[in-house]
2 protein chains.
Amino acid sequence: MAGTTRTDIRARIVAVGLKATLQRIIIFESLLNLHDAHPTAEEVFQQLKTAHPGISLGTVYKTLDSFVEANLVKRVLSDSKRRFDVNEQPHGHIYCTNTKEIIDYTDPELEKLVADYFKAKNFRNFNLQQVSVQIIGSKSDPNEQISISSI
Amino acid sequence: MAGTTRTDIRARIVAVGLKATLQRIIIFESLLNLHDAHPTAEEVFQQLKTAHPGISLGTVYKTLDSFVEANLVKRVLSDSKRRFDVNEQPHGHIYCTNTKEIIDYTDPELEKLVADYFKAKNFRNFNLQQVSVQIIGSKSDPNEQISISSI
DNA sequence: ATCCATGCAAATGTTTTGCACAGCT
DNA sequence: AGCTGTGCAAAACATTTGCATGGAT
C-alpha cells in the first residue's frame, strides 16, 4: 500500500478537477499497486475485478484516459499496448528488447543534468511539460536484475 | 529522396543479415520518405499501394517487425499505434499532447551530454543499445512550428 | 435535481497468424 | 529441391463509442 491512503487518493483526484468516484479511486489505487508493471488497461481491470466484480473494462479505459488528460498519470513507451504510470518523481525508463519489460530508472543526477540543460533553452510555441530519458537495450540474463554502478 | 539510392538501401538491408527482397526495399524507401511522419504500418502501406498494388498489409507489418528486430529501424512512443523511425543519427522526440504529433528533436550537444553521462556508468546484465530523450508538452498554436533557442 | 460518470455491448481499429504459393540460391 | 518471404483472409486482440442508468455534489 506504500502509505497512500484512500483519502490521499481522493485528494489527488479532486486536486486535478475530477470527481472522486469509487471507480476512479480504485483504479488509481490499482495503478499504485501495479506501479512497477506499468500496466495496461486490461491489467488494471484484471487486478480490480476480483474485489470489484461490477467494474467495466470500458470504464477503466475511459478513466485512464481522463487521468492522463488531467496529468495525474503518464503513458509510457510500450510494446503496442497502452501502458500507464503514476506520475511520481521524475524518472526514465529502461526498455528491454529481450523481455519487453519496462523498468523504472530513477537517477536524480541525470534528471538534474537534463533539466538544467533545458532550463537554458527557450521554446517558442511550446509549453514544455516533461523531459524523460529512455534507455533501450537487452538483458543478458532475462531472469536476473539489471544493476548499475558509476565507474 | 535525400540521396539514398536503392543500391544503398539494398546494402543496408543485406548488412544486417536480411535478404534484400523488393518488398523490403520499397518499405524501407517508404520509411525514408515518410521519415518526418513517424509512420504506422498502415501509413506505409497506403503510401506504397499506389505504386505497388500487389503489396500486402500483412507483409508491411512483418517487414517492419523484422527491421526493428534487425535494428535497422526503431519504434517510437506514440498514440496507441506502432510508429516507426529509420535509424539515423541519434535524436530525441518531442511529443505534442495537443496535436499528437511526434517531432524529431536533433541536438548533438544534448546527445553528447547524455552519452557521456552513460559512458561513466557500468551496467551489469544489460547491453545498452540506445539512449534517447523524450520531450513532452503542447504547442500553443497547433498550426505553427516549434522553435528553440538557447538563452 | 442536475450533471457527469459508469456499465454494457456493439462497432471499430490494429496486429497477428496460418497456410498455400512464389522467388531466390 | 529447399529455403524463406509474401499475399490473403480469418482470427485475435485492443480501443472507442452510444446510450440508458446510476451516483456525486
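All chains are named by letter (A, B, ...) in the order of the sequence lines, taking the proteins before the strands, and each is independently numbered beginning at 1.
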Enquirer: Specify the separation, in whole Å, of atom CD of A/E42 and atom P of D/dT15.
Expert: 9 Å
Enquirer: Roughly what angle, to 10°, lies between the helix axis at the start of the helix from C/dA1-D/dT25 to C/dT25-D/dA1 and the one at its end, five pairs per end?
Expert: 30°
Enquirer: So, using salt bridge (Lys or Arg N to Asp or Glu O under 4.0 Å) as the criterion, who are the partners of B/R6 when residues are at least two apart?
Expert: B/E29
Enquirer: Which parts of residues 45-69 of chain A get close to DNA chain D, meaning a heavy atom less than 4.0 angstrom away?
Expert: A/Y61, A/K62, A/D65
Enquirer: List in chain and number order the residues that pass side-chain hydrogen bond (donor to acceptor under 3.5 Å, both in side chains) with A/K19, two or more places apart in sequence or in another chain; answer none if no residue qualifies.
Expert: none
Enquirer: Suppose the criterion is ring pair (Phe, Tyr, Trp, His ring centres under 6.0 Å): which pairs have a residue in residues 123-151 of chain B, not counting sequence neighbours?
Expert: B/F123-B/F126
Enquirer: Quick one: list whatever passes side-chain hydrogen bond (donor to acceptor under 3.5 Å, both in side chains) with A/S30, sequence neighbours left out.
Expert: A/Q47
Enquirer: Holding to salt bridge (Lys or Arg N to Asp or Glu O under 4.0 Å), I want the full list of residues that pass it with A/D65, two or more places apart in sequence or in another chain.
Expert: A/R82
Enquirer: Ring pair (Phe, Tyr, Trp, His ring centres under 6.0 Å): which pairs involve residues 5-53 of chain B, sequence neighbours left out?
Expert: B/F28-B/F67, B/H38-B/H93
Enquirer: Apply salt bridge (Lys or Arg N to Asp or Glu O under 4.0 Å) to B/E111 and list each qualifying residue two or more places apart in sequence or on a separate chain.
Expert: none
Enquirer: Quick one: B/K81 NZ to D/dT16 C1', roughly how many Å, whole number?
Expert: 13 Å
Enquirer: Do the side chains of A/R12 and A/D8 get close enough for a salt bridge, i.e. N-O under 4.0 angstrom?
Expert: no
Enquirer: For A/E144, enumerate each residue passing the side-chain hydrogen bond (donor to acceptor under 3.5 Å, both in side chains) test, keeping only those at least two apart in sequence or located in another chain.
Expert: none
Enquirer: For B/K139, which residues count as a side-chain hydrogen bond (donor to acceptor under 3.5 Å, both in side chains) partner, sequence neighbours excluded?
Expert: B/E101
Enquirer: Considering only heavy atoms, which members of residues 10-26 of chain A lie under 4.0 Å from some atom of DNA chain C?
Expert: A/K19, A/T21, A/Q23, A/R24
Enquirer: How close or far is atom C1' of C/dT14 from atom CZ of A/R82, stated in whole angstroms?
Expert: 12 Å
